[in-house]
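For reference, the structure is listed below as structure tokens.
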Number of protein chains: 2
Amino acid sequence: MPPQPVSSNFASIIRTLHHPPAENFKLAHILHALADPVRLAFVRVLTAEPGGINCANTMARAGLDMPKSTCSRHFQILRKAGVVRSQRRGIELINFLRADDLQGRFPGLLASILDASRMERAA
Amino acid sequence: MPPQPVSSNFASIIRTLHHPPAENFKLAHILHALADPVRLAFVRVLTAEPGGINCANTMARAGLDMPKSTCSRHFQILRKAGVVRSQRRGIELINFLRADDLQGRFPGLLASILDASRMERAA
DNA sequence: AATGGTAGTTCGGTTTTGTCGAACTATCCA
DNA sequence: TGGATAGTTCGACAAAACCGAACTACCATT
């Protein structure tokens, strides 16, 4: 086949950022996504950032430090479960909590987990 | 050392069945324990059995079949997280949901997860 | 107190899942 | 076109899940 002149660069965006529709959320996946202190900390940060926040700043706000690849993987798990939506804004990837989708699919679930998380931190 | 005449057989019971006190529950452990369809099914069964239910019957009521060792391990994870209390009754091990302890430590958490689980099943 | 039966745990080997550095891709700016 | 920044993917290694087999605990009978 002939060589591609320039790699069409939106293909990879589509490949990396697939978000499940709310009706396909699986409870087990959501609980697994939140059953990790790092990811739960990320979600707590996201609740305070309705305008979205990028990966590196999420780590900083959570007071955590880790390799970029690990952070990326944590966000990937949150994304695949439906907890987070990510969209590119310029050079960075902005993450949003899918609070409404979660509330619609499993009412009260996220709120009670976040309550529990804050309670545990406060103790 | 001198040979033990008869192995003191309560030691192993203490070894196998250690239940954390409610104030030591970790949210991440509880979510991890419940982030598995099999264990979540077990917990749903336990909610309907306030008098406790043994391992084999829990599987049966959940409509599941698996090796004993796998079932044992699932209950071990639930136990270590604090979701379940197990006590020997004669030949069998009876499992109870620690609903009150969970409610005391993380109010509303278990209820919302069970609601979500039943909702997902019903759909 | 030996035998046998039932309930469940532990062990060992294999498979799956998580972690992290290195290389790669996407985007912006000069 | 080059350099800088943000994040993803790859590959190798480490940790955890799975299941059959062997083991322990308990009860009942003899």
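What's counted below: heavy atoms across the whole structure, side chains too, no hydrogens, waters or symmetry copies. So you know, we letter chains A, B, ... as the sequences are listed, proteins then strands, and number each from 1.
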(request) Mind checking side-chain contact (heavy atoms from CB on, under 4.5 Å) for B:S69 and listing every partner two or more places apart, or none if nothing turns up? (result) B:P67
(request) Apply side-chain contact (heavy atoms from CB on, under 4.5 Å) to A:K68 and list each qualifying residue two or more places apart in sequence or on a separate chain. (result)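 Checked A:K68 against side-chain contact (heavy atoms from CB on, under 4.5 Å); zero matches.
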(message) Restricting to side-chain hydrogen bond (donor to acceptor under 3.5 Å, both in side chains), what partner residues turn up for A:R118, sequence neighbours left out?
(response) A:T47
(message) Run the side-chain hydrogen bond (donor to acceptor under 3.5 Å, both in side chains) test against A:S72 and tell me which residues pass, sequence neighbours left out.
(response)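 Counting only residues at least two positions away or on another chain, A:S72 forms no side-chain hydrogen bond (donor to acceptor under 3.5 Å, both in side chains).
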In residues 108-115 of chain A, what donor-acceptor pairs under 3.5 Å come from side-chain atoms, sequence neighbours left out?
unit_1, atom_1, unit_2, atom_2, d
A:S112, OG, A:G108, O, 3.4
A:S112, OG, A:L109, O, 3.0
A:S112, OG, B:S112, OG, 2.6

Would you tabulate the side-chain donor-acceptor contacts of residues 21-34 of chain B under 3.5 Å, counting partners in other chains and residues two or more places apart, or write 'none'?
none

Expressed as a whole number of angstroms, how long is the span from [X]:[atom1] to [N]:[atom2]?
X: A:R88; N: C:dT27; atom1: CZ; atom2: P; answer: 5 Å
X: B:I94; N: C:dG8; atom1: CD1; atom2: C1'; answer: 12 Å
X: B:L93; N: D:dC26; atom1: CG; atom2: P; answer: 10 Å
X: A:F75; N: C:dC20; atom1: CZ; atom2: P; answer: 16 Å
X: B:Q87; N: C:dT9; atom1: CD; atom2: P; answer: 14 Å

Could you list all N or O pairs between the protein and nucleotides 14-17 of chain D that sit under 3.5 Å apart?
unit_1, atom_1, unit_2, atom_2, d
D:dA17, OP2, B:R73, NH1, 3.4
D:dA17, OP2, B:R73, NH2, 2.8

(request) Could you tell me whether the side chain of A:H19 and the main chain of A:S86 form a donor-acceptor pair under 3.5 Å? (result) yes
(request) State, yes or no, whether a side-chain contact exists between B:K80 and B:P20 at a heavy-atom distance under 4.5 Å. (result)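 Result no, sub-4.5 Å side-chain heavy-atom pair not found.
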(request) Output every pair passing salt bridge (Lys or Arg N to Asp or Glu O under 4.0 Å) with a member in residues 89-101 of chain A, not counting sequence neighbours, ordered by first then second residue. (result) A:R85-A:D101, A:R98-A:D101
(request) Respond yes when some side-chain nitrogen or oxygen of A:R79 is under 4.0 Å from OP1 or OP2 of D:dT8, and no when none is. (result) yes
(request) Considering just the side-chain nitrogens and oxygens of A:Q76, establish if one lies under 4.0 Å of OP1 or OP2 belonging to D:dT9. (result) yes
N/O to N/O distances under 3.5 Å, protein versus nucleotides 28-30 of chain C:
none

(request) Quick one: which residue pairs count as a side-chain hydrogen bond (donor to acceptor under 3.5 Å, both in side chains) with a foot in residues 57-67 of chain B, not counting sequence neighbours? (result) B:E49-B:R61, B:N54-B:N57
(request) May I have all residue pairs that pass ring pair (Phe, Tyr, Trp, His ring centres under 6.0 Å) and include part of residues 59-84 of chain A, sequence neighbours excluded? (result)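 Applying ring pair (Phe, Tyr, Trp, His ring centres under 6.0 Å) to every pair that reaches into residues 59-84 of chain A, excluding sequence neighbours, yields A:F42-A:F75.
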(request) Could you list by number each residue of residues 50-70 of chain A showing a heavy-atom separation from DNA chain D of less than 4.0 Å, or answer none if no residue does? (result) A:N54, A:C55, A:A56, A:K68, A:S69
